[in-house]
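The basis for the numbers below is simple: all heavy atoms, side chains too, and nothing from hydrogens, waters or symmetry mates. Note on naming: letters A, B, ... go to the chains in the order of the sequence lines (proteins, then strands), and numbering restarts at 1 for each one. Because the structure is a prediction, the values reported are computed rather than measured.
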2 protein chains.
Amino acid sequence: MPEQKSPAKGEAVSRARIRDAAIRLFGERGYPVIGMRDLSEAVGILPGSLYAHISSKDDLLLDIVVTGITAFIDVIQPVVDADLSPDQKMREAIRAHLGVLAQQVEQTRVTFHQWQYLGPESRAKAVEIRQKYEDLFVQIIDEGVASGAFRDSGHHRLPVLMIAGILGSATEWYRPEGRDSAEEMADAIVDQVLLGLQQAA
Amino acid sequence: MPEQKSPAKGEAVSRARIRDAAIRLFGERGYPVIGMRDLSEAVGILPGSLYAHISSKDDLLLDIVVTGITAFIDVIQPVVDADLSPDQKMREAIRAHLGVLAQQVEQTRVTFHQWQYLGPESRAKAVEIRQKYEDLFVQIIDEGVASGAFRDSGHHRLPVLMIAGILGSATEWYRPEGRDSAEEMADAIVDQVLLGLQQAA
DNA sequence: CCTACCGATCGGTAGG
DNA sequence: CCTACCGATCGGTAGG
(Lines give C-alpha, C1' and ligand atoms only; values in the text may rest on other atoms or scores of the structure.)
Protein backbone atom coordinates (compact mmCIF):
# COMPACT_ATOMS: atom_id res chain seq x y z
CA MET A 1 0.00 0.00 0.00
CA PRO A 2 2.49 2.68 -0.99
CA GLU A 3 -0.32 4.83 -2.31
CA GLN A 4 -0.75 7.18 0.63
CA LYS A 5 0.30 10.75 0.08
CA SER A 6 0.97 11.94 3.60
CA PRO A 7 3.43 10.37 5.99
CA ALA A 8 2.07 7.60 8.16
CA LYS A 9 2.86 8.72 11.67
CA GLY A 10 4.86 6.24 13.61
CA GLU A 11 5.98 4.38 10.50
CA ALA A 12 9.66 4.79 9.83
CA VAL A 13 10.67 6.58 6.65
CA SER A 14 12.55 3.82 4.93
CA ARG A 15 14.38 3.89 1.66
CA ALA A 16 11.48 1.85 0.25
CA ARG A 17 8.99 4.56 1.21
CA ILE A 18 11.10 7.19 -0.47
CA ARG A 19 11.35 5.02 -3.58
CA ASP A 20 7.58 4.59 -3.75
CA ALA A 21 6.99 8.31 -3.46
CA ALA A 22 9.64 8.98 -6.08
CA ILE A 23 8.07 6.49 -8.49
CA ARG A 24 4.74 8.22 -8.21
CA LEU A 25 6.11 11.75 -8.55
CA PHE A 26 8.64 11.03 -11.30
CA GLY A 27 5.99 9.05 -13.17
CA GLU A 28 3.36 11.75 -12.97
CA ARG A 29 5.42 14.84 -13.61
CA GLY A 30 8.87 13.77 -14.80
CA TYR A 31 12.20 13.35 -13.03
CA PRO A 32 13.77 16.73 -13.79
CA VAL A 33 10.86 18.80 -12.54
CA ILE A 34 10.56 16.98 -9.24
CA GLY A 35 12.74 18.55 -6.56
CA MET A 36 14.10 16.88 -3.46
CA ARG A 37 11.74 19.15 -1.56
CA ASP A 38 8.70 17.66 -3.32
CA LEU A 39 9.98 14.23 -2.42
CA SER A 40 10.72 15.08 1.21
CA GLU A 41 7.23 16.56 1.63
CA ALA A 42 5.66 13.43 0.18
CA VAL A 43 7.34 11.24 2.79
CA GLY A 44 7.07 13.76 5.59
CA ILE A 45 10.64 14.70 6.42
CA LEU A 46 12.85 17.68 5.72
CA PRO A 47 14.78 17.89 2.44
CA GLY A 48 18.23 17.35 3.88
CA SER A 49 17.06 14.28 5.81
CA LEU A 50 16.53 12.38 2.58
CA TYR A 51 20.27 11.95 2.38
CA ALA A 52 20.23 9.73 5.45
CA HIS A 53 18.50 7.17 3.18
CA ILE A 54 19.72 7.81 -0.34
CA SER A 55 23.00 9.01 -1.71
CA SER A 56 21.73 11.17 -4.55
CA LYS A 57 18.76 11.87 -6.78
CA ASP A 58 20.51 10.13 -9.65
CA ASP A 59 21.11 7.04 -7.54
CA LEU A 60 17.45 6.93 -6.62
CA LEU A 61 16.42 7.02 -10.27
CA LEU A 62 18.91 4.31 -11.17
CA ASP A 63 17.47 2.08 -8.46
CA ILE A 64 13.96 2.54 -9.83
CA VAL A 65 15.02 1.89 -13.41
CA VAL A 66 17.09 -1.21 -12.64
CA THR A 67 14.52 -2.93 -10.44
CA GLY A 68 11.82 -1.85 -12.86
CA ILE A 69 13.34 -3.51 -15.88
CA THR A 70 14.57 -6.52 -13.94
CA ALA A 71 10.97 -7.37 -13.11
CA PHE A 72 10.27 -7.75 -16.83
CA ILE A 73 13.37 -9.81 -17.51
CA ASP A 74 12.54 -12.14 -14.62
CA VAL A 75 9.20 -13.13 -16.09
CA ILE A 76 10.13 -13.16 -19.79
CA GLN A 77 13.39 -15.10 -19.57
CA PRO A 78 11.59 -18.32 -18.51
CA VAL A 79 9.29 -17.99 -21.52
CA VAL A 80 12.27 -17.73 -23.87
CA ASP A 81 13.81 -20.81 -22.25
CA ALA A 82 10.60 -22.82 -22.31
CA ASP A 83 9.81 -25.56 -24.82
CA LEU A 84 7.35 -23.61 -26.91
CA SER A 85 6.95 -22.64 -30.54
CA PRO A 86 8.11 -19.15 -31.48
CA ASP A 87 4.60 -17.81 -31.81
CA GLN A 88 3.64 -19.31 -28.45
CA LYS A 89 6.74 -17.74 -26.93
CA MET A 90 5.82 -14.38 -28.40
CA ARG A 91 2.30 -14.70 -27.03
CA GLU A 92 3.47 -15.66 -23.54
CA ALA A 93 6.23 -13.05 -23.51
CA ILE A 94 3.76 -10.28 -24.28
CA ARG A 95 1.33 -11.67 -21.70
CA ALA A 96 4.10 -11.74 -19.12
CA HIS A 97 5.06 -8.18 -19.99
CA LEU A 98 1.49 -6.95 -19.57
CA GLY A 99 1.22 -8.82 -16.29
CA VAL A 100 4.19 -6.97 -14.85
CA LEU A 101 2.99 -3.70 -16.34
CA ALA A 102 -0.37 -4.10 -14.59
CA GLN A 103 1.44 -4.51 -11.29
CA GLN A 104 3.72 -1.51 -11.70
CA VAL A 105 2.41 0.97 -14.23
CA GLU A 106 3.99 3.99 -12.62
CA GLN A 107 7.41 2.41 -12.14
CA THR A 108 7.36 1.23 -15.74
CA ARG A 109 6.64 4.71 -16.95
CA VAL A 110 9.70 5.95 -15.13
CA THR A 111 11.77 2.97 -16.23
CA PHE A 112 11.01 3.30 -19.93
CA HIS A 113 10.79 7.04 -20.32
CA GLN A 114 13.01 8.76 -17.76
CA TRP A 115 16.29 6.87 -17.93
CA GLN A 116 17.56 9.52 -20.33
CA TYR A 117 18.00 11.83 -17.34
CA LEU A 118 20.49 9.55 -15.62
CA GLY A 119 24.08 10.76 -15.36
CA PRO A 120 26.60 9.14 -17.75
CA GLU A 121 27.63 6.27 -15.50
CA SER A 122 24.17 5.35 -14.27
CA ARG A 123 22.91 5.67 -17.78
CA ALA A 124 25.43 3.15 -19.06
CA LYS A 125 24.19 0.63 -16.51
CA ALA A 126 20.60 1.27 -17.46
CA VAL A 127 21.31 0.90 -21.17
CA GLU A 128 23.06 -2.40 -20.55
CA ILE A 129 20.18 -3.97 -18.65
CA ARG A 130 17.65 -2.57 -21.08
CA GLN A 131 19.60 -4.26 -23.84
CA LYS A 132 19.15 -7.59 -22.03
CA TYR A 133 15.41 -7.03 -22.05
CA GLU A 134 15.32 -6.31 -25.76
CA ASP A 135 17.54 -9.29 -26.51
CA LEU A 136 14.85 -11.61 -25.15
CA PHE A 137 12.54 -10.52 -27.96
CA VAL A 138 15.37 -10.69 -30.48
CA GLN A 139 15.86 -14.33 -29.52
CA ILE A 140 12.22 -15.18 -30.01
CA ILE A 141 12.09 -13.52 -33.39
CA ASP A 142 15.35 -15.06 -34.57
CA GLU A 143 14.01 -18.48 -33.65
CA GLY A 144 10.81 -17.80 -35.49
CA VAL A 145 12.54 -16.58 -38.62
CA ALA A 146 14.92 -19.56 -38.53
CA SER A 147 12.09 -22.05 -38.22
CA GLY A 148 10.05 -20.34 -40.89
CA ALA A 149 7.25 -19.52 -38.47
CA PHE A 150 7.85 -15.79 -38.91
CA ARG A 151 8.27 -13.73 -42.04
CA ASP A 152 11.83 -12.61 -42.64
CA SER A 153 11.53 -8.86 -42.82
CA GLY A 154 15.12 -8.53 -43.88
CA HIS A 155 15.67 -6.15 -41.00
CA HIS A 156 17.25 -7.91 -38.08
CA ARG A 157 16.34 -5.67 -35.20
CA LEU A 158 13.43 -3.69 -36.54
CA PRO A 159 10.59 -6.02 -35.52
CA VAL A 160 11.86 -5.90 -31.96
CA LEU A 161 11.96 -2.14 -32.01
CA MET A 162 8.37 -2.06 -33.19
CA ILE A 163 7.19 -4.50 -30.52
CA ALA A 164 9.12 -2.59 -27.88
CA GLY A 165 7.50 0.55 -29.25
CA ILE A 166 4.03 -0.91 -28.75
CA LEU A 167 4.78 -2.20 -25.28
CA GLY A 168 6.48 1.03 -24.30
CA SER A 169 3.52 3.06 -25.45
CA ALA A 170 1.18 0.70 -23.59
CA THR A 171 2.70 2.17 -20.46
CA GLU A 172 1.00 5.42 -21.38
CA TRP A 173 -2.47 4.18 -22.24
CA TYR A 174 -2.91 1.08 -20.11
CA ARG A 175 -5.05 1.78 -17.05
CA PRO A 176 -5.30 -0.99 -14.43
CA GLU A 177 -8.77 0.26 -13.52
CA GLY A 178 -9.94 0.32 -17.14
CA ARG A 179 -12.50 -1.96 -18.77
CA ASP A 180 -9.94 -4.32 -20.24
CA SER A 181 -7.91 -6.64 -18.07
CA ALA A 182 -4.21 -7.07 -18.66
CA GLU A 183 -4.99 -10.46 -20.25
CA GLU A 184 -7.45 -9.04 -22.79
CA MET A 185 -5.07 -6.24 -23.60
CA ALA A 186 -2.22 -8.67 -24.06
CA ASP A 187 -4.23 -10.84 -26.44
CA ALA A 188 -5.19 -7.85 -28.54
CA ILE A 189 -1.53 -6.87 -28.78
CA VAL A 190 -0.48 -10.42 -29.61
CA ASP A 191 -3.01 -10.56 -32.44
CA GLN A 192 -1.78 -7.28 -33.83
CA VAL A 193 1.85 -8.36 -33.59
CA LEU A 194 1.38 -11.85 -35.02
CA LEU A 195 -1.53 -11.47 -37.43
CA GLY A 196 -1.48 -7.79 -38.31
CA LEU A 197 -4.44 -5.66 -39.14
CA GLN A 198 -5.43 -7.18 -42.41
CA GLN A 199 -8.18 -9.75 -42.62
CA ALA A 200 -6.78 -13.08 -43.79
CA ALA A 201 -7.95 -13.67 -47.32
CA MET B 1 20.70 24.47 -42.79
CA PRO B 2 19.71 25.14 -39.21
CA GLU B 3 22.37 22.69 -38.01
CA GLN B 4 25.12 25.12 -37.06
CA LYS B 5 26.00 25.32 -33.38
CA SER B 6 27.62 28.72 -33.13
CA PRO B 7 26.02 31.96 -34.10
CA ALA B 8 26.52 33.04 -37.66
CA LYS B 9 28.06 36.48 -37.43
CA GLY B 10 26.12 39.07 -39.24
CA GLU B 11 23.01 36.97 -39.50
CA ALA B 12 20.19 38.32 -37.41
CA VAL B 13 18.99 36.26 -34.49
CA SER B 14 15.46 35.63 -35.56
CA ARG B 15 12.73 33.77 -33.78
CA ALA B 16 13.28 30.98 -36.31
CA ARG B 17 16.93 30.65 -35.32
CA ILE B 18 15.97 30.41 -31.67
CA ARG B 19 13.38 27.78 -32.52
CA ASP B 20 15.90 25.69 -34.43
CA ALA B 21 18.37 25.80 -31.57
CA ALA B 22 15.62 24.94 -29.10
CA ILE B 23 14.52 21.95 -31.18
CA ARG B 24 18.03 20.58 -31.17
CA LEU B 25 18.67 21.15 -27.46
CA PHE B 26 15.24 20.05 -26.22
CA GLY B 27 15.43 17.00 -28.45
CA GLU B 28 18.87 15.95 -27.30
CA ARG B 29 18.63 16.60 -23.60
CA GLY B 30 15.00 17.28 -22.71
CA TYR B 31 13.03 20.49 -22.24
CA PRO B 32 13.25 20.80 -18.45
CA VAL B 33 17.02 20.48 -18.25
CA ILE B 34 17.70 23.10 -20.92
CA GLY B 35 18.00 26.56 -19.47
CA MET B 36 17.40 29.82 -21.24
CA ARG B 37 21.14 30.36 -20.83
CA ASP B 38 21.92 27.22 -22.87
CA LEU B 39 19.60 28.50 -25.53
CA SER B 40 21.01 32.01 -25.57
CA GLU B 41 24.55 30.66 -25.87
CA ALA B 42 23.51 28.48 -28.79
CA VAL B 43 22.24 31.46 -30.74
CA GLY B 44 24.92 33.86 -29.52
CA ILE B 45 23.04 36.43 -27.49
CA LEU B 46 22.61 37.10 -23.79
CA PRO B 47 19.88 35.30 -21.83
CA GLY B 48 17.62 38.27 -21.28
CA SER B 49 17.75 39.18 -24.95
CA LEU B 50 15.83 36.05 -25.86
CA TYR B 51 12.70 37.77 -24.62
CA ALA B 52 12.89 40.27 -27.43
CA HIS B 53 11.94 37.33 -29.69
CA ILE B 54 9.86 34.97 -27.59
CA SER B 55 7.43 35.54 -24.76
CA SER B 56 8.30 32.54 -22.61
CA LYS B 57 9.97 29.15 -22.59
CA ASP B 58 6.56 27.49 -22.51
CA ASP B 59 5.41 29.45 -25.54
CA LEU B 60 8.50 28.38 -27.44
CA LEU B 61 7.78 24.72 -26.71
CA LEU B 62 4.16 25.10 -27.73
CA ASP B 63 5.23 26.61 -31.05
CA ILE B 64 7.53 23.65 -31.70
CA VAL B 65 4.90 21.09 -30.78
CA VAL B 66 2.09 22.65 -32.80
CA THR B 67 4.07 23.16 -35.99
CA GLY B 68 5.64 19.75 -35.48
CA ILE B 69 2.37 17.85 -35.40
CA THR B 70 0.74 20.03 -38.04
CA ALA B 71 3.35 18.87 -40.51
CA PHE B 72 2.12 15.29 -40.04
CA ILE B 73 -1.55 16.20 -40.31
CA ASP B 74 -0.90 18.15 -43.50
CA VAL B 75 0.47 15.13 -45.34
CA ILE B 76 -1.78 12.44 -43.88
CA GLN B 77 -5.12 14.21 -44.23
CA PRO B 78 -4.98 14.05 -48.08
CA VAL B 79 -4.33 10.32 -47.85
CA VAL B 80 -7.42 9.83 -45.71
CA ASP B 81 -9.47 11.86 -48.19
CA ALA B 82 -8.11 10.08 -51.23
CA ASP B 83 -9.97 7.40 -53.18
CA LEU B 84 -8.00 4.42 -51.94
CA SER B 85 -8.72 1.16 -50.20
CA PRO B 86 -8.21 1.09 -46.42
CA ASP B 87 -5.00 -0.91 -46.64
CA GLN B 88 -3.67 1.41 -49.32
CA LYS B 89 -4.56 4.37 -47.14
CA MET B 90 -2.77 2.81 -44.21
CA ARG B 91 0.27 2.19 -46.36
CA GLU B 92 0.36 5.71 -47.71
CA ALA B 93 -0.34 7.26 -44.33
CA ILE B 94 2.60 5.46 -42.77
CA ARG B 95 4.78 6.38 -45.71
CA ALA B 96 3.75 10.00 -45.38
CA HIS B 97 4.49 9.90 -41.66
CA LEU B 98 7.97 8.51 -42.23
CA GLY B 99 8.58 11.09 -44.92
CA VAL B 100 7.92 13.92 -42.50
CA LEU B 101 9.86 12.18 -39.75
CA ALA B 102 12.90 11.95 -42.02
CA GLN B 103 12.72 15.70 -42.59
CA GLN B 104 12.37 16.66 -38.94
CA VAL B 105 13.55 13.91 -36.61
CA GLU B 106 14.57 16.22 -33.82
CA GLN B 107 11.42 18.32 -33.90
CA THR B 108 9.33 15.15 -33.87
CA ARG B 109 11.15 13.89 -30.83
CA VAL B 110 10.25 17.08 -29.02
CA THR B 111 6.71 17.06 -30.39
CA PHE B 112 5.89 13.52 -29.33
CA HIS B 113 7.81 13.24 -26.09
CA GLN B 114 8.08 16.64 -24.44
CA TRP B 115 4.59 18.09 -24.63
CA GLN B 116 3.98 16.78 -21.12
CA TYR B 117 6.09 19.68 -19.85
CA LEU B 118 3.78 22.32 -21.26
CA GLY B 119 1.81 24.41 -18.81
CA PRO B 120 -1.91 23.58 -18.42
CA GLU B 121 -3.21 25.91 -21.13
CA SER B 122 -0.56 25.17 -23.73
CA ARG B 123 -0.92 21.52 -22.94
CA ALA B 124 -4.64 21.58 -23.67
CA LYS B 125 -3.93 23.05 -27.10
CA ALA B 126 -1.29 20.40 -27.78
CA VAL B 127 -3.57 17.57 -26.72
CA GLU B 128 -6.31 18.86 -29.00
CA ILE B 129 -4.16 18.95 -32.10
CA ARG B 130 -2.56 15.64 -31.24
CA GLN B 131 -6.05 14.18 -31.09
CA LYS B 132 -6.64 15.36 -34.65
CA TYR B 133 -3.56 13.47 -35.73
CA GLU B 134 -4.68 10.25 -34.07
CA ASP B 135 -8.17 10.61 -35.47
CA LEU B 136 -6.78 10.31 -38.98
CA PHE B 137 -5.66 6.78 -38.20
CA VAL B 138 -8.93 6.03 -36.42
CA GLN B 139 -10.76 6.96 -39.61
CA ILE B 140 -8.66 4.64 -41.73
CA ILE B 141 -9.14 1.73 -39.37
CA ASP B 142 -12.86 2.31 -38.98
CA GLU B 143 -13.20 2.27 -42.74
CA GLY B 144 -11.22 -0.93 -42.95
CA VAL B 145 -13.23 -2.65 -40.26
CA ALA B 146 -16.48 -1.50 -41.84
CA SER B 147 -15.51 -2.80 -45.28
CA GLY B 148 -14.23 -6.07 -43.88
CA ALA B 149 -10.70 -5.37 -45.05
CA PHE B 150 -9.41 -5.26 -41.47
CA ARG B 151 -10.00 -7.65 -38.59
CA ASP B 152 -12.34 -6.29 -35.96
CA SER B 153 -10.28 -6.43 -32.81
CA GLY B 154 -13.27 -5.51 -30.70
CA HIS B 155 -11.26 -2.63 -29.31
CA HIS B 156 -12.13 0.59 -30.99
CA ARG B 157 -9.10 2.71 -30.31
CA LEU B 158 -6.45 0.16 -29.44
CA PRO B 159 -5.09 -0.51 -32.92
CA VAL B 160 -4.47 3.20 -33.34
CA LEU B 161 -2.64 3.39 -30.05
CA MET B 162 -0.41 0.54 -31.15
CA ILE B 163 0.35 2.12 -34.51
CA ALA B 164 0.98 5.46 -32.84
CA GLY B 165 3.24 3.60 -30.42
CA ILE B 166 5.29 2.19 -33.27
CA LEU B 167 5.52 5.51 -35.08
CA GLY B 168 6.32 7.35 -31.88
CA SER B 169 9.10 4.93 -31.05
CA ALA B 170 10.41 5.24 -34.60
CA THR B 171 11.36 8.76 -33.62
CA GLU B 172 13.92 7.25 -31.29
CA TRP B 173 15.50 4.67 -33.55
CA TYR B 174 15.16 6.15 -37.03
CA ARG B 175 18.39 7.70 -38.22
CA PRO B 176 18.30 9.70 -41.46
CA GLU B 177 21.94 8.77 -42.09
CA GLY B 178 21.29 5.05 -41.48
CA ARG B 179 21.36 2.24 -44.04
CA ASP B 180 17.62 2.21 -44.57
CA SER B 181 15.84 5.01 -46.33
CA ALA B 182 12.58 6.37 -45.00
CA GLU B 183 10.79 4.45 -47.76
CA GLU B 184 12.28 1.09 -46.82
CA MET B 185 11.58 1.74 -43.18
CA ALA B 186 8.01 2.67 -43.95
CA ASP B 187 7.43 -0.48 -45.95
CA ALA B 188 8.78 -2.66 -43.15
CA ILE B 189 6.44 -0.94 -40.72
CA VAL B 190 3.50 -1.26 -43.08
CA ASP B 191 4.13 -4.99 -43.44
CA GLN B 192 4.28 -5.41 -39.69
CA VAL B 193 1.12 -3.42 -39.17
CA LEU B 194 -0.90 -5.04 -41.95
CA LEU B 195 0.46 -8.58 -42.14
CA GLY B 196 1.94 -9.14 -38.70
CA LEU B 197 4.91 -11.26 -37.85
CA GLN B 198 3.49 -14.64 -38.63
CA GLN B 199 4.15 -16.34 -41.92
CA ALA B 200 0.94 -16.79 -43.86
CA ALA B 201 0.02 -20.48 -43.74
C1' DC C 1 19.86 43.18 -28.23
C1' DC C 2 22.65 44.75 -23.77
C1' DT C 3 23.16 46.02 -18.68
C1' DA C 4 22.04 44.81 -14.47
C1' DC C 5 19.33 42.53 -11.71
C1' DC C 6 15.07 40.08 -9.25
C1' DG C 7 13.20 36.44 -5.97
C1' DA C 8 12.85 31.65 -6.02
C1' DT C 9 14.56 27.31 -6.19
C1' DC C 10 18.03 23.75 -7.07
C1' DG C 11 20.84 19.32 -5.16
C1' DG C 12 23.45 18.61 -1.49
C1' DT C 13 26.35 19.04 3.12
C1' DA C 14 28.37 19.80 8.12
C1' DG C 15 27.50 18.87 12.48
C1' DG C 16 24.95 17.31 15.43
C1' DC D 1 16.19 12.71 11.16
C1' DC D 2 16.76 18.10 12.31
C1' DT D 3 19.13 22.79 12.09
C1' DA D 4 21.12 25.79 9.32
C1' DC D 5 23.17 26.63 5.42
C1' DC D 6 26.16 26.43 0.79
C1' DG D 7 27.04 28.09 -4.06
C1' DA D 8 24.82 27.66 -8.31
C1' DT D 9 21.27 28.23 -11.30
C1' DC D 10 16.49 29.07 -12.62
C1' DG D 11 12.90 31.94 -15.80
C1' DG D 12 12.10 36.39 -16.40
C1' DT D 13 12.08 41.83 -16.21
C1' DA D 14 13.04 47.19 -16.21
C1' DG D 15 15.03 50.43 -18.64
C1' DG D 16 17.40 51.59 -21.92
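Put simply, CE on Met36(B) is 6 Å from P on dG12(D), counting in whole angstrom units. If you measure from atom CD of Glu41(B) to atom P of dT9(D), you get 11 Å, rounded to the nearest angstrom. In this structure, Tyr117(A) places its OH atom 14 Å from P of dG11(C), rounding to the nearest Å. Whole-Å rounding puts the Leu60(B) CG to dG12(D) C1' distance at 14 Å. We find that CG of Leu39(B) is positioned 13 Å from P of dC1(C), with the value rounded to whole Å. A straight line from CG of Leu46(B) to P of dG12(D) spans 17 Å, rounded to a whole angstrom. Spacing between atom CZ of Arg15(A) and atom P of dC1(D) amounts to 14 Å, rounded to whole angstrom units.
Close to dG12(C), at under 4.0 Å from its OP1 or OP2, lies a side-chain N or O of Tyr51(A).
Across all strands shown, Ile34(A) has heavy atoms under 4.0 Å from sugar-phosphate atoms exclusively, and none from any base.
Using Watson-Crick or G-U wobble geometry with both donor-acceptor distances under 3.5 Å, dT3(D) finds its partner in dA14(C).
The pair Lys125(B)-Glu128(B) does not count as a salt bridge, with every side-chain nitrogen at least 4.0 angstrom from each carboxylate oxygen. Under 4.0 Å is where a charged nitrogen must lie from a carboxylate oxygen, and between Arg95(B) and Glu92(B) at least one such pair does. Residues Asp191(A) and Arg91(A) are paired through a salt bridge, judged by an N-O separation under 4.0 Å between the basic side chain and the carboxylate. Contact check on Arg175(B) versus Asp180(B) returns no salt bridge, with no Lys/Arg side-chain nitrogen under 4.0 Å from an Asp/Glu carboxylate oxygen.
The nucleotide whose nearest atom lies closest to any side-chain atom of Ser56(A) is, among dG12(D), dC10(D), dG12(C), dG12(C). Here dC1(C) is the nucleotide among dC2(D), dC1(C), dG12(C) with the atom lying nearest to any side-chain atom of Ala52(B). Minimum atom distance to the side chain of Lys57(A) is reached by dG12(C), of the listed dG12(C), dC2(C), dC1(D). In the set dC2(C), dC1(D), dG12(C), the nucleotide with an atom closest to the side chain of Arg37(A) is dG12(C). Of the listed nucleotides (dC1(D), dC10(C), dC1(C)), dC10(C) has the atom at the smallest distance from the side chain of Asp38(A).
For the ring-ring contact (aromatic ring centres under 6.0 Å, His included) with Phe26(B), the qualifying choice from Tyr31(B), Tyr117(B), Phe112(B), Trp115(B) is Tyr31(B), the only one to do so.
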